[in-house]
Engineer: 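Input: one structure, supplied below.
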Amino acid sequence: MTTPERTPDTRTSTSISWRTRIIAGAVLVVVLIVAYLILAAFIPRWWAQRVGEMVGGSFSKGIGWGLVYGGLCTAVPLFLLLVAVLVWKRRGGKVIAGGAVVLAVVFAIPNLMTLTVVLGGNNAAHAGERIMDVDAPAFRGASLAGALIALLIFLAVVFLVVKRGWRRRAEAKAAVKAGDVAPIESTETVGKSGGIPATEAHRTENL
């Protein structure tokens, strides 16, 4: 068989297609970099102001809101990701998993914005730290504590889920082995009792 040769028109269209993809990828990278720079200069200060308005300079409110945001915004994304993993191979699981991942990212946004204040090194992050020091005391430490508590709860649940899966597999293997042994045991029982199969008995009676 002869392989079809590429015509100049096909080669030209292929090169144009690749050129378009490269240009589109470069534009996307530039847009993402610009968006990151804008958000990095805006989000830390804006989020610190929102948290400061919510806490109002109170230590107790800072601890309470920090535990709530740190705990919920860590636990919910982790459990949504766990659901995505568990339903991935099921029928229609990819759609459900995709939705769960999107929701996980949305629920994690408050913690991510707090991280931009804590880990950021630009002027906006430093401004956010000063705002939280005055208007939202103990919020960042309580957020970390809530996140760690949520992580421990998540790990405990994962352990129970994995343990339950191992138990089901062990029970299934035991059931399969029991099903294989039962016919052998019945055959051995008939042989020991000295009985003869029904077909042989019928033949004996006819003779």
Side-chain angles (χ1 to χ4, degrees), residues 17-18 20-44 46-51 53-55 62-120 125 128 136 139-180:
S17 175
W18 277 107
T20 304
R21 292 178 183 178
I22 293 172
I23 293 174
V27 171
L28 179 61
V29 170
V30 172
V31 170
L32 290 176
I33 292 174
V34 172
Y36 169 77
L37 294 175
I38 294 174
L39 293 175
F42 168 75
I43 286 180
W46 177 84
W47 177 242
Q49 291 172 350
R50 301 288 79 77
V51 174
E53 293 175 357
M54 183 170 52
V55 174
I63 294 173
W65 283 114
L67 290 173
V68 170
Y69 274 98
L72 289 180
C73 296
T74 300
V76 174
L78 288 176
F79 282 108
L80 286 173
L81 292 177
L82 179 62
V83 170
V85 172
L86 293 177
V87 303
W88 177 260
K89 294 184 179 180
R90 297 182 181 180
R91 185 177 181 181
K94 292 183 179 180
V95 177
I96 298 174
V101 171
V102 173
L103 289 176
V105 173
V106 172
F107 275 98
I109 287 176
N111 280 348
L112 295 177
M113 290 190 293
T114 303
L115 285 177
T116 61
V117 177
V118 176
L119 302 179
F139 178 83
R140 286 168 290 177
S143 296
L144 177 60
L148 292 176
I149 293 171
L151 179 60
L152 292 176
I153 295 173
F154 173 75
L155 292 177
V157 173
V158 170
F159 174 76
L160 293 177
V161 171
V162 173
K163 186 177 180 181
R164 183 180 180 184
W166 288 345
R167 185 180 301 172
R168 286 184 176 181
R169 291 179 183 177
E171 292 176 354
K173 289 182 180 179
V176 171
K177 289 182 180 179
D180 293 338

Engineer: When you compare the side chain of F107 with that of L72, does any pair of heavy atoms fall below 4.5 Å?
Structural biologist: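 Contact flag for L72/F107 side chains = no.
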
Engineer: If you draw a 6.0 Å radius around CZ in F79, do more than 12 non-hydrogen atoms from other residues or ligands fall strictly inside?
Structural biologist: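 Enclosed.
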
Engineer: If you count the non-hydrogen atoms of other residues, nucleotides and ligands that lie under 6.0 Å from CH2 in W65, is the total more than 12?
Structural biologist: no

Engineer: Give, for atom CD1 of I149 and atom CG of L144, the distance between the pair rounded to the nearest 0.5 Å.
Structural biologist: 10.0 Å

Engineer: Out of curiosity, L148 CG to I153 CD1, how far, rounded to the nearest 0.5 Å?
Structural biologist: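 With rounding to 0.5 Å, CG (L148) is 11.5 Å from CD1 (I153).
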
Engineer: Could you give the distance from OG1 (T114) to CD1 (I109), rounded to the nearest 0.5 Å?
Structural biologist: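 Spacing of OG1 (T114) from CD1 (I109) equals 12.0 Å.
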
Engineer: Grab the two heavy atoms, one from G146 and one from L67, that are nearest each other, plus how far apart they are.
Structural biologist: N-CD2, 3.8 Å

Engineer: Describe, in one word, how the ring planes of W46 and F42 are oriented to each other, choosing from parallel (under 30°), tilted (30 to 60°) and perpendicular (over 60°).
Structural biologist: parallel

Engineer: Could you state the interatomic distance from CG (L78) to CG (L155), rounded to the nearest 0.5 Å?
Structural biologist: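 Spacing of CG (L78) from CG (L155) equals 8.0 Å.
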
Engineer: With rounding to the nearest 0.5 angstrom, report the CZ to CD1 distance, R50 to I43.
Structural biologist: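 If I round to the nearest 0.5 Å, the distance is 12.5 Å.
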
Engineer: Kindly give the heavy-atom pair with the smallest separation between G71 and A150, and that separation in Å.
Structural biologist: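 That closest heavy-atom pairing would be O-CB, 3.4 Å.
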
Engineer: Taking all non-hydrogen atoms of both residues, which atom of P110 and which atom of Y69 are closest, and how far apart?
Structural biologist: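 That would be CB-CD2, 3.7 Å.
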
Engineer: Quick check: closest heavy atoms across V51 and A136, and the distance to 0.1 Å?
Structural biologist: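 Shortest heavy-atom separation between V51 and A136 comes out as CG1-CB, 3.6 Å.
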
Engineer: If the test is side chain to side chain contact (heavy atoms under 4.5 Å, CB included), which one of V34, I33, V27 qualifies with V31?
Structural biologist: V27

Engineer: Within the structure provided, determine whether F154 and T74 are in side-chain contact (heavy-atom separation under 4.5 Å).
Structural biologist: no

Engineer: Contact between L80 and V101 at the side-chain level, heavy atoms closer than 4.5 Å - yes or no?
Structural biologist: no

Engineer: So which atom in A142 and which in G62 form the shortest heavy-atom distance, rounded to 0.1 Å?
Structural biologist: CB-O, 3.9 Å

Engineer: Grab the two heavy atoms, one from A84 and one from A97, that are nearest each other, plus how far apart they are.
Structural biologist: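 Smallest heavy-atom distance, with atoms named: O-CB, 3.6 Å.
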
